[in-house]
Every structure is written in C-alpha cells, then in structure tokens.
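Here's the structure we're looking at; comments come further down.
Remember, predicted model here, so these are calculated numbers, not experimental data. Counting begins at 1 with the first residue of the sequence.
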Amino acid sequence: MSIGFPQRLLLAALTLAALLPLPAPVTADEGDPAGWSVVTDPRKRAFLRYVAEAGGPRLLHIGCLRDVDEFFVSSTGVEGLPDDGPGAGLTLTVPDADYVIYGDIAQDDDGHPTFNAEFDADTAELEKVAAQLMPVLTAPGPVVLQIGNGTPVDLTLEDLPPRAGIARPLAAFRKVCFGRK
C-alpha cells in the first residue's frame with residue numbers, strides 16, 4: 001500500500017516536529033521587563049521569569065508545559081558557577097521554606113554557565129511541586145537563589161519600580177500550571 005503526497009508531507013512534518021527539542025531560552029528577550037513576568041499560551045504552557053534589569057539574564061525561568069507533562073527550571077547570570085557540571089542543586093530559600101531542584105550546568109549559546117533541570121510532571125507530580133514551590137514564591141521575600149556554591153542572589157518579590165512584583169505573574173502561572181488541566 002502506497003501513500004500519497006499529502007500523507008508523506010504530513011508524515012515528514014510530524015517526524016521533524018518530534019525530532020526538534022522543546023525551546024528553553026534562558027537569556028533575556030528584548031521584551032522581558034525588569035522583575036517578574038509570565039508568558040502563557042493556549043497549549044496550557046506557562047513560563048514564570050525573573051530578570052533583575054530589562055535586557056539582563058533570566059536569573060530564574062520556571063516553565064510548566066501541561067500539554068506535554070513537563071516542568072523545567074533554568075537560570076543564567078549567577079556568578080561563581082563552573083562552566084559545566086552535572087548534578088548541581090538550585091535552591092530557592094525564604095526564612096520558613098525552600099525549594100530545591102537538581103540539574104546540570106552547561107554553557108549557553110553565548111558561553112555563559114546556565115543551570116537547567118527538567119522532568120516529566122503529570123498532575124500528581126505538579127501537586128508535589130506546588131506544595132514545595134508555592135510557599136517560597138508567596139512568602140514576604142526576598143527569595144534567595146543559589147546554585148551549588150555560586151553566589152547567592154536576592155530575587156525581590158515585591159513591586160519595586162522599575163522591577164515588577166510577583167503577585168500578578170504568579171497568579172497567572174499558578175492558574176495554568178497548578179490549576180485543573
């Protein structure tokens with residue numbers, strides 16, 4: 001049984017899409033404002049970001065891809081990191097809570113050391129993440145970000161112009177990531 005041209009074209013497109021990696025940009029985009037921001041899309045994806053200053057590196061980038069059951073955390077711009085290394089821990093700490101995730105440090109396209117961690121996350125796994133992460137992100141703050149033995153960085157949660165606070169972006173992120181699917 002042979003398949004026609006439209007079916008071959010569709011098969012080729014699906015094969016190519018399956019081979020392409022999911023995008024996980026960690027450096028700031030031109031549109032990244034200073035402070036906290038969120039990007040969501042209709043596929044049930046949400047990306048919570050912290051950038052210390054407009055045009056600076058994404059010190060924290062949390063992605064929740066409900067359509068493919070994936071969760072990731074990445075960070076670039078933290079001083080004192082090695083150029084690469086497996087099994088590094090990223091810790092977000094406030095006085096009464098912390099969130100720890102393990103991943104790898106590798107150089108990004110610009111040669112900067114970048115932390116990346118990702119894992120499969122169905123609804124049950126996201127509930128576990130929410131139980132650990134939300135107490136940190138809803139605390140009075142600031143949140144202290146530290147990767148391995150790198151320099152700790154304070155991430156302000158409050159709205160301190162020109163940096164946007166976390167309240168609105170976190171509400172949108174929480175609804176997509178930890179709400180009903």
Side-chain angles (χ1 to χ4, degrees), residues 22-26 28-29 31-53 56-78 81 87-105 114-148 150-181:
L22 291 173
V26 292
D29 284 338
D32 280 350
W36 293 93
S37 63
V38 67
V39 173
T40 62
D41 73 25
R43 295 176 293 179
K44 300 295 277 181
R45 293 180 176 200
F47 305 92
L48 182 66
R49 302 168 177 157
Y50 181 84
V51 176
E53 57 187 54
R58 288 183 180 157
L59 291 169
L60 185 62
H61 187 194
I62 302 172
C64 185
L65 292 71
R66 298 288 301 266
D67 61 326
V68 293
D69 292 334
E70 184 177 318
F71 189 85
F72 76 85
V73 176
S74 62
S75 176
T76 194
V78 173
L81 296 183
L90 179 146
T91 305
L92 300 173
T93 306
V94 293
D96 295 329
D98 63 1
Y99 175 75
V100 180
I101 187 168
Y102 293 94
D104 299 322
I105 298 171
T114 300
F115 172 88
N116 285 300
E118 63 183 75
F119 58 91
D120 294 337
D122 60 11
T123 302
E125 189 64 32
L126 286 175
E127 287 175 5
K128 293 176 189 174
V129 171
Q132 296 173 342
L133 182 60
M134 292 310 295
V136 174
L137 297 179
T138 58
V143 171
V144 177
L145 164 71
Q146 186 165 18
I147 302 170
T151 304
V153 180
D154 287 348
L155 308 181
T156 304
L157 295 173
E158 294 81 19
D159 190 15
L160 298 172
R163 293 187 186 125
I166 196 170
R168 284 187 177 181
L170 184 60
F173 179 82
R174 185 181 210 169
K175 181 178 178 181
V176 173
C177 188
F178 305 128
R180 291 189 171 185
K181 193 170 184 181

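Closest of all the heavy-atom pairs between P142 and V94 is O-CG1, 3.9 Å. Residues V51 and G56 share a closest heavy-atom pair of CG1-O, 3.6 Å. Contact between P57 and G77 at its shortest, heavy atoms only, is CG-CA, 3.8 Å. Across every non-hydrogen atom of A117 and G103, the tightest pair is CB-CA, 3.8 Å. Shortest non-hydrogen contact noted between E125 and D120 is CG-O, 3.8 Å.
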When the side chains of residues 153-166 are checked against the rest of the protein, which donor-acceptor pairs come out under 3.5 Å, sequence neighbours left out?
unit_1, atom_1, unit_2, atom_2, d
R163, NE, A52, O, 2.6
R163, NH2, A52, O, 3.4

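Separation of atoms OG1 (T114) and CG (L81) is listed at 8.5 Å; rounding is to 0.5 Å. One finds the OG1 atom of T91 at 9.0 Å from the CD1 atom of I147 (value rounded to the nearest 0.5 Å). Distance check: T123 OG1 to K128 NZ gives 12.0 Å after rounding to the nearest 0.5 Å. If you take CG on L126 and CD on E70, they are separated by 11.0 Å, rounding to the nearest 0.5 Å. For the atom pair F178 CZ and E127 CD, the distance stands at 10.5 Å (nearest 0.5 Å).
A 6.0 Å sphere centred on CZ of F119 holds more than 12 heavy atoms belonging to other residues, nucleotides or ligands.
For the pair F71 and V129, the minimum side-chain heavy-atom distance is below 4.5 Å. F47 places a side-chain heavy atom less than 4.5 Å from the side chain of F72. In this structure, R43 and L65 have side chains that are not in contact, with every pair of non-hydrogen atoms separated by 4.5 Å or more. At least one side-chain heavy atom of L170 sits under 4.5 Å from a side-chain heavy atom of L48. You'll find the side chain of L90 reaches within 4.5 Å of the side chain of V73, heavy atoms only. Put simply, the side chain of L145 does not reach to within 4.5 Å of the side chain of P152, judged on heavy atoms. Residues R45 and V68 have side chains in contact (heavy-atom distance under 4.5 Å, counting atoms from C-beta outward). Using a 4.5 Å heavy-atom cutoff, the side chains of L133 and L92 are in contact.
When atom types are taken as modelled, the side chain of R168 and the backbone of S37 share no donor-acceptor pair closer than 3.5 angstrom. Q146 contributes a side-chain N or O that, together with a main-chain N or O of G150, makes up a donor-acceptor pair within less than 3.5 Å.
Between Y50 and H61, the distance from one ring center to the other does not fall under 6.0 angstrom.
The side-chain contact (heavy atoms from CB on, under 4.5 Å) with R49 is formed by just one residue from the set V39, L60, L59; it is V39. Residue F115 forms a side-chain contact (heavy atoms from CB on, under 4.5 Å) with just one option from V78, I101, D104, and that option is I101.
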